[in-house]
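Read through the structure below, which is laid out as structure tokens, and then see the notes.
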Number of protein chains: 2
Amino acid sequence: MHELTRMPHTEGEKQDFMKDSKAPIAALERLATYLRYLNELNRDGLQTISSSDIEKATGVHAAQFRKDLSYFGEFGKPGVGYNVDELRGRIARILKVDNEQPVILIGAGNLGSALIGYTGLPQNNFRIVGVFDNDHHKVGYKLWDNEILDIDTLKEHNTRLCAKIAILTVPSMSAQVVVDKLVDAGIKVILNFAPASIRVPDNVVVRNVCFVQELTVLSYHITPHANGI
Amino acid sequence: MHELTRMPHTEGEKQDFMKDSKAPIAALERLATYLRYLNELNRDGLQTISSSDIEKATGVHAAQFRKDLSYFGEFGKPGVGYNVDELRGRIARILKVDNEQPVILIGAGNLGSALIGYTGLPQNNFRIVGVFDNDHHKVGYKLWDNEILDIDTLKEHNTRLCAKIAILTVPSMSAQVVVDKLVDAGIKVILNFAPASIRVPDNVVVRNVCFVQELTVLSYHITPHANGI
DNA sequence: TAGATTGTTAATCGATTAACAATC
DNA sequence: TAGATTGTTAATCGATTAACAATC
């Protein structure tokens with residue numbers, strides 16, 4: 001039962017070309033942060049970068065950066081630093097975003113529609129290759145460029161689409177039913193926007209995004225009588 | 001410079017009615033989880049609940065649950081458990097979601113529009129009281145029930161609205177400019193959907209939601225040759 | 001060579017889990 | 001009273017930071 005963002009839901013998969021000794025989830029999140037920064041940086045044509053440059057740019061401690069990389073091998077030259085292009089490429093490869101990843105989206109509501117139209121996804125090698133819904137009133141219509149397909153044709157379609165990643169933007173009530181269908185169709189990881197705990201087999205990974213929870217944690221941080229507008 | 005979801009960006013505020021001894025952010029996230037469960041539970045008219053019941057329902061270790069509560073006082077009766085209503089009320093009060101919280105949203109694009117229409121917000125005491133944009137083509141139009149207002153009238157409007165919470169759904173490029181205006185208008189906490197690092201004063205708290213980062217971490221977890229569709 | 005910066009080991013810090021006396 | 005369950009202290013675990021030998 002892999003669950004909740006911060007829970008230790010790592011798998012034990014091995015990669016021949018890397019050490020991959022149980023990097024913590026927090027390290028992976030930071031790798032994604034480094035990658036985003038390196039992608040921005042690329043335009044400037046900078047050649048090398050040091051761990052303390054990374055610290056300045058991202059706020060992550062230089063030692064932390066080097067430690068995070070160390071889970072996956074050696075990346076830099078002592079006394080010199082890291083080659084920007086190489087580093088970017090290798091981090092992308094570790095995170096498997098070096099090639100385009102097919103993604104399916106389930107739930108063609110407001111949020112689903114917004115995500116389909118979000119340009120940040122294709123810009124980062126995530127391509128939405130299929131949109132599904134269980135509402136027969138929606139099936140057949142187009143959302144942006146995607147025809148909305150019947151959720152019950154998911155397994156069939158995915159033999160062709162080969163998506164391993166699913167984005168789930170259905171109401172909480174239907175979440176578990178849909179998840180079971182996703183798993184059955186060969187989906188390996190799920191980004192869940194429904195504020196519901198969903199159960200999946202051990203070889204499937206879930207990350208939950210919950211707007212209300214984010215706002216609630218923020219709400220806590222409002223100072224008691226901060227009325228000085 | 002309070003930043004990034006997992007960084008220690010807690011303030012040192014004190015509450016007269018509670019201990020408030022530096023609860024970790026992770027504990028606050030779990031409190032929000034408990035609250036969600038307790039809200040669901042309420043309908044069943046259950047009177048008391050034990051920490052091990054919580055463990056069964058949420059997956060959070062019973063000792064962890066008790067520890068999380070202990071940051072804020074005593075909540076249960078030894079040998080008996082916790083009164084559901086009381087527990088719900090007190091957690092809601094700690095997280096300041098016991099009363100309706102006014103929220104403003106900046107950026108009336110696809111995502112902003114989806115969030116405005118999301119029923120989960122009002123259901124959890126977050127009320128969107130103002131929608132702003134810097135695109136003059138959008139200003140004046142209505143989004144759901146909200147007239148889109150000019151971002152430059154934000155400070156003026158917020159003397160009336162008194163929102164402390166802002167949701168930021170503008171493009172990355174404009175994020176920092178808008179954030180400065182938010183801070184100037186008295187906003188204390190920001191839920192940032194732009195994939196950009198934003199700088200705020202020490203008394204303002206930011207949480208970042210980044211879809212691409214979530215997908216990237218998931219992408220990592222795809223097993224190398226998991227082709228068994 | 002001298003200066004810089006890596007990768008890694010050790011030290012520190014913080015968070016989670018276990019254990020148990022207190023108490024309903 | 002006996003059984004159950006709390007709140008808290010102590011033990012464990014894991015992650016972050018510091019330090020430094022290796023090396024470019």
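Note that these values count all heavy atoms, side chains included, but never hydrogens, waters or copies made by symmetry. Below, chain A is the first sequence line, B the second, and so on; all start at residue 1.
Y71(A) carries K67(A) over the face of its six-membered ring, with the cationic atom under 6.0 Å from the centre and within 45° of the normal. Taking the ring axis of F72(A) as reference, the NZ or CZ atom of R90(A) does not stay both within 45° of it and closer than 6.0 Å to the ring centre.
Here the P atom of nucleotide dT16(C) and the CG atom of L28(B) are 11 Å apart, to the nearest Å. For the pair R90(A) CZ and dT6(C) C1', the computed distance is 13 Å after rounding to whole Å. Rounded to an integer number of Å, the gap from K22(A) NZ to dG14(D) C1' is 13 Å. Between the P atom of dG7(C) and the NZ atom of K67(A) lies a distance of 12 Å, rounded to the nearest Å. If you take CD of E55(B) and P of dT16(C), they are 14 Å apart, rounded to a whole angstrom. One can place CD1 of I25(A) at 10 Å from P of dA15(D), the figure rounded to the nearest angstrom. Atom CD1 of I54(A) and atom P of dT5(C) are 13 Å apart (whole Å). dT16(C) atom P lies 12 Å from atom NE2 of H61(B), rounded to whole Å.
Counting heavy atoms from C-beta outward, V103(B) and I167(B) have side chains that approach closer than 4.5 Å. Side-chain contact between R207(B) and V217(A) is present, with at least one heavy-atom pair separated by less than 4.5 Å.
Between Y82(B) and Y34(B), the ring center distance fails the sub-6.0 Å criterion.
Side-chain proximity of S50(A) to dT16(D), dT5(C), dA18(C): nearest is dT5(C). If you check dT8(C), dT8(D), dT17(C) against the side chain of Q64(B), the one that comes closest is dT17(C).
Ring orientation note: the planes of F211(B) and Y118(A) are nearly perpendicular, at an angle over 60° on the 30°/60° scale.
Every stem involving DNA chain D, taken as at least 3 paired positions in a row under the Watson-Crick or G-U wobble test at 3.5 Å, is listed here: C:3-24 with D:3-24.
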**Asked** Under the salt bridge (Lys or Arg N to Asp or Glu O under 4.0 Å) criterion, do D53(A) and K56(A) qualify, and how do the steps go?
**Response** CA-CA 5 Å; D53(A) 292 336; K56(A) 263 174 256 158; 3.6 Å; yes
**Request:** Evaluate the salt bridge (Lys or Arg N to Asp or Glu O under 4.0 Å) criterion for residues R66(B) and E55(B): first the C-alpha distance (whole Å), next the side-chain angles of each, then the deciding distance (0.1 Å), finally the verdict.
**Result:** CA-CA 10 Å; R66(B) 297 201 301 276; E55(B) 174 167 348; over 6 Å; no
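Across all non-hydrogen atoms, the minimal contact from L105(B) to T169(B) is CD2-OG1, 3.8 Å.
OP1 or OP2 of dT6(D) sits under 4.0 Å from a side-chain N or O of S51(B). Contact annotation: Y82(B) does not reach the phosphate of dA4(D) (side-chain N/O to OP1 or OP2, under 4.0 Å).
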**Request:** Go along nucleotides 19-24 of chain D 5' to 3' and tag each nucleotide: B for a protein heavy atom under 4.0 Å from its base, S when only backbone or sugar atoms are that close, - otherwise.
**Result:** B--BBB
